[in-house]
Structures are given as structure tokens and as C-alpha cells.
*Asks:* 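Okay, handing you the structure first.
None of these values were measured; they are calculated from a predicted model. Throughout, a chain's letter reflects where its sequence line sits, starting with A, and its residues are numbered from 1.
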Number of protein chains: 2
Amino acid sequence: MNLTTKLITAAEKLFDRHGYMATGMDRLTEAAGMSSRTLYKHAGSKAQLMALVLSERDRRFMARLEVESVDALFAALEDWVRVEGTRGCLFLRSLAETGGETPEIAQAVTAHKEAFRQRVSDVVASDLGREDPARAEQILILFEGATQAAIYRGADAVSAARSAAAILMGRARS
Amino acid sequence: MNLTTKLITAAEKLFDRHGYMATGMDRLTEAAGMSSRTLYKHAGSKAQLMALVLSERDRRFMARLEVESVDALFAALEDWVRVEGTRGCLFLRSLAETGGETPEIAQAVTAHKEAFRQRVSDVVASDLGREDPARAEQILILFEGATQAAIYRGADAVSAARSAAAILMGRARS
DNA sequence: GAAAATGTAAAACGTTCGTTTTATATTGGG
DNA sequence: CCCAATATAAAACGAACGTTTTACATTTTC
């Protein structure tokens, strides 16, 4: 495990658990086990570090969504929250914390959300055997809602979303 | 308009637009048009100010949800995002920004979300003429999802959630 | 019209912020 | 074996953080 990977892993955990702005560079350097000089050589700045974290998280999250049915999509989310916990969407959280005014972060969020939207759309199309943009938008909303509601309703929120999605997909098939 | 109201109004706007942690006390005092001494006499601390903001927002938000049908619930959300914009749920955002480690804030969020859950449950019951906890959970998730998705999908996310809710409620009636 | 309450401006508290610098140690490749 | 390259520790940068204090002005109230 190289230093950059170690840094990004430590940073993701701290940003996720305590927030982006609330996490100081001293905590970052300590958790990553490196000097601030080395940290800045690898990341450039705090905002760029956040962007690196988001990029890595996008890779890891999207890899889990390589499925072909809407039901498998929510099963994947159930796995995700079991492993990663229920602290909401790190992308939208980082956007909110910076007021959308940090270019590197805003850009990483936009890229991820567009890829995510496209993935949901593809999964719906694969499931139905045809495109259905309106239904895909509804499934996306259930997915986001499950992520958000799970913060205070727990993992049950995901299974509730899963069954709602099954009803909507059933309606699309008939 | 008394000073406390003026302070809370200014603080809500700044916290919402730029984030809680990213908003310094100097910006707060300037926007509220008062000295820091007066601000601290009214709010006590920054965390208590955030709790006051959340309490006021709860009052304003819940007042809009005094409806009797699920469709009216989403119509109310459409009005809300038209007036307040699409920056997500300030309650869950404040919780995330503080890592859930600030008691005043965590408590305000818990209280609001429980009241919100109860309201959704009541609206579903009023709409169906009977309790339906599972359906209420699904509607809650659509509501949260619309709020969250609207950040990057715009206000259309709310109407998509609205039509999904209509399908789920139709299913519950038959 | 004195007293109490409530406001102001401004400086200072010690701490932490993100970032850079200086100087030194370790280490892998030609 | 030496030389880049790459790491380290530690101090320092000015600025901003949340908060408190000092000193003074204004308004409200009995």
C-alpha cells in the first residue's frame, strides 16, 4: 500500500466520520502517518485531497453497481450500507460543506452524479428490455432517499426502498 | 422584527448557503447587524445558534406539511424548493458537518426527523383511511430522495417523486 | 430622572487553520 | 558506492477561528 493510497484511505474515513471542514490537516497527517510536507506533495491542497477522496470513492461505489436488475441495485446498496455505514452521500455532503464554491470538489460531484444517473438509467433499461427515463428517475430518487433516510431510519430504509422499486418496476412491465 | 429573529434569519441563510463550519462568527455578526457580544448574549454559542436555526426551520417546514393527502405532501415540497432552493436537508447536513458529536444539534435533528416521520405517517393514514406503516416508510423515502436528488436534478425530481408516490398509493388502495 | 436593561464598537484571548520552509534522515537504482 | 529521490521532524507563516472582555452609548421602566 503506497503513501498516496494510505493518505486517501485515512482522509476518506476522517472526512466521512467528522466532516470535511471539521477535519484539520494535523488530524489528517497523523492518521495518514506522514509529515505535512509529504501530504502536500501528494495532494496539493486540502480541496484537491477531497477531490482525490471523491474520485476513489466513485470508483469503489460504482464498481458495486455493476448489476443488471433494479432489485440487484438495491441489494448492492444494502451491502454498501452494511460495510460503509449510514452517513449519507459523501459527494453531496462535500458539495454542501463548501457551498459549491470549490471547483475541484464541485466538478468531482457533478461527474459522479452524472455517471450514477447514467448507471441507474442503464440498469432500468436492462431490467425492462427498453429505455424508460421517467421510471429511471423514480428509481434514482428511491436510491437517494434510501441513502438519506438510512441515516436516521437505519438499514431498513433500504429494504423499504427496494420493495417500493419492485412495485414501480412491476407497473412498468405490465 | 426583534434581534433574535433577525439573527436566526441571517444565520439560517448563511449556514444553508455556505455550510455551518464554513460560516465564521464575523460573517454572522455582520449579516445580523449586531456586535459579537449581543450575538453571544442571544445565542450562547455557535452550536446553540445552529440549534435555534434548526428549531425555527422545523417550525416553518412542518407548517407547510399540514395537509391530508400524499399528493398534497409533494405539492408542498414543490412549493418549498421553489421558495427555499435545492440545497438538501439542513438538518442532516448539520448533523454530518458536526459528526453527530454536538448534543444540541443532534437532539434538534432527532426531534425534527421523528416529527417529520410521524407527519408522513399521519398523512398516509388520512389519505388511505387506515394506518399503513410500510407504505408510509416508502413515501418518506420518496420525500427524502426528492429533496436530495433535487440538488443536482432540479425541481423535476420532486414531480418525479410525486408521480411515484401516486403509483404506490394507488397500489395501497386496491 | 435615576436605575436597570440592552445595545454598540473594538481589542484581545489562546487556539487552530491551511500552507510553506528549513534542515536532516532514509533508501533504492545505476 | 554514490546520488538523486523521497521521506522525515519541527518550526514558522499570517490569517481566521470561537469566545470573552473592556468601556461606553442608548433605550426602557418604575
Side-chain angles (χ1 to χ4, degrees), chain A residues 1-54 93-108, chain B residues 1-54 93-108:
Chain A
M1 194 178 194
N2 68 53
L3 280 176
T4 301
T5 307
K6 195 172 160 194
L7 169 59
I8 290 176
T9 304
E12 178 178 353
K13 180 168 178 175
L14 288 173
F15 288 152
D16 186 33
R17 298 218 134 91
H18 308 290
Y20 170 69
M21 284 293 196
T23 302
M25 300 305 285
D26 53 343
R27 256 174 124 174
L28 254 351
T29 57
E30 190 190 345
M34 66 179 57
S35 66
S36 63
R37 172 131 206 226
T38 304
L39 189 154
Y40 273 89
K41 202 157 270 189
H42 282 80
S45 70
K46 195 189 186 186
Q48 284 177 55
L49 175 57
M50 181 83 246
L52 286 174
V53 165
L54 293 179
R93 285 172 52 199
S94 66
L95 194 72
E97 283 213 52
T98 56
E101 289 156 7
T102 309
E104 306 97 306
I105 294 176
Q107 185 179 320
Chain B
M1 194 179 194
N2 69 50
L3 280 177
T4 300
T5 305
K6 195 173 161 194
L7 168 59
I8 291 177
T9 303
E12 178 178 355
K13 180 169 177 175
L14 288 174
F15 287 152
D16 187 33
R17 299 220 135 95
H18 308 290
Y20 170 70
M21 285 293 196
T23 303
M25 299 306 284
D26 54 343
R27 257 173 122 175
L28 253 351
T29 56
E30 191 189 345
M34 65 180 58
S35 67
S36 63
R37 173 138 208 225
T38 304
L39 189 155
Y40 272 88
K41 201 157 269 191
H42 281 81
S45 70
K46 195 188 186 186
Q48 285 176 52
L49 175 57
M50 180 84 249
L52 286 174
V53 165
L54 292 179
R93 284 172 54 199
S94 66
L95 194 71
E97 281 215 54
T98 55
E101 290 155 5
T102 309
E104 305 97 305
I105 294 176
Q107 186 178 319

*Asks:* Which part of the nucleic acid, if any, lies within reach of Thr29(B) when heavy atoms closer than 4.0 Å are counted: base, sugar-phosphate only, or nothing?
*Replies:*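 If one applies the 4.0 Å heavy-atom cut-off, Thr29(B) turns out to touch nothing in the nucleic acid.
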*Asks:* Under 4.0 Å, heavy atoms only, any strand: does Ser36(B) hit a base, just the sugar-phosphate, or nothing?
*Replies:*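 The residue Ser36(B) makes base contact.
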*Asks:* Closest-nucleotide mapping onto DNA chain C: is Arg37(A) or Ser45(A) further toward the 5' terminus? I mean the 5' end.
*Replies:*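 So the residue in question is Ser45(A).
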*Asks:* Between P on dT20(C) and CE on Met34(A), what's the gap in Å once rounded to a whole number?
*Replies:*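 In whole Å, dT20(C) P lies 17 Å from Met34(A) CE.
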*Asks:* Figure out the CG/P separation between Leu39(B) and dA9(C), and round it to whole Å.
*Replies:*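 For the pair Leu39(B) CG and dA9(C) P, the rounded distance is 13 Å.
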*Asks:* Side chains of Met50(A) and Val53(A), heavy atoms from C-beta outward: is any pair under 4.5 Å?
*Replies:*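 SC-SC contact between Met50(A) and Val53(A) confirmed.
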*Asks:* Measure the distance from CG on Asp26(B) to P on dG18(D) and round it to the nearest whole Å.
*Replies:*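 Taking atom P of dG18(D) as the reference, CG of Asp26(B) is at 7 Å.
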*Asks:* So do Phe15(A) and Arg93(A) actually touch side chain to side chain, heavy atoms under 4.5 Å?
*Replies:*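 Sidechains of Phe15(A) and Arg93(A): no contact.
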*Asks:* Can you see which heavy atom on Ala47(A) is nearest to which on Ile105(A), and at what distance?
*Replies:*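 For Ala47(A) and Ile105(A), the tightest heavy-atom pair comes out as O-CG1, 3.9 Å.
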*Asks:* How long is the span from the CD atom in Glu30(B) to the CG atom in Leu28(B), to the nearest 0.5 Å?
*Replies:*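 One finds 10.5 Å between CD of Glu30(B) and CG of Leu28(B).
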*Asks:* Give the rounded distance in Å between these two atoms: CZ of Arg27(B) and C1' of dG18(D).
*Replies:*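 About 16 Å, once rounded to whole Å.
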*Asks:* Locate the shortest heavy-atom distance separating Ala106(B) from Gly100(B); write the atom from each residue and the value.
*Replies:*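 That closest heavy-atom pairing would be CB-O, 4.1 Å.
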*Asks:* Rounded to the nearest angstrom, tell me the gap between atom NZ in Lys41(A) and atom C1' in dT22(C).
*Replies:*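 Distance, rounded to whole Å: 13 Å.
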*Asks:* Rounded to whole angstrom units, what separation is found between the CD atom of Glu30(A) and the P atom of dT16(C)?
*Replies:*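 Atom-to-atom, Glu30(A) to dT16(C), this comes out as 13 Å.
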*Asks:* Counting just side-chain N and O atoms, does His42(A) come under 4.0 Å of either OP1 or OP2 of dT6(D)?
*Replies:*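 Answer is no, no contact under 4.0 Å.
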*Asks:* Just to confirm, is there a sub-4.0 Å distance from OP1 or OP2 of dT8(C) to any side-chain nitrogen or oxygen of Thr38(B)?
*Replies:*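 So the side-chain polar atoms of Thr38(B) do come within 4.0 Å of the phosphate oxygens OP1 or OP2 of dT8(C), strictly under.
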*Asks:* Can you measure Met25(A) atom CE to dA12(D) atom C1' for me and round it to whole angstrom units?
*Replies:*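 Spelled out: CE on Met25(A) to C1' on dA12(D) is 16 Å.
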*Asks:* Would you kindly compare Tyr20(B) and Leu3(A) by the position of their nearest DNA chain D nucleotide and give the one closer to the 5′ end?
*Replies:*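 The answer here is Leu3(A).
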*Asks:* Have a look at Gly44(A) and say if it touches a base, only the backbone sugar-phosphate, or nothing, with a 4.0 Å heavy-atom cut-off.
*Replies:*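 If one applies the 4.0 Å heavy-atom cut-off, Gly44(A) turns out to touch nothing in the nucleic acid.
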*Asks:* What is the distance, to the nearest angstrom, from the OH atom on Tyr40(B) to the C1' atom on dT21(D)?
*Replies:*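 Rounded to the whole Å, the gap is 13 Å.
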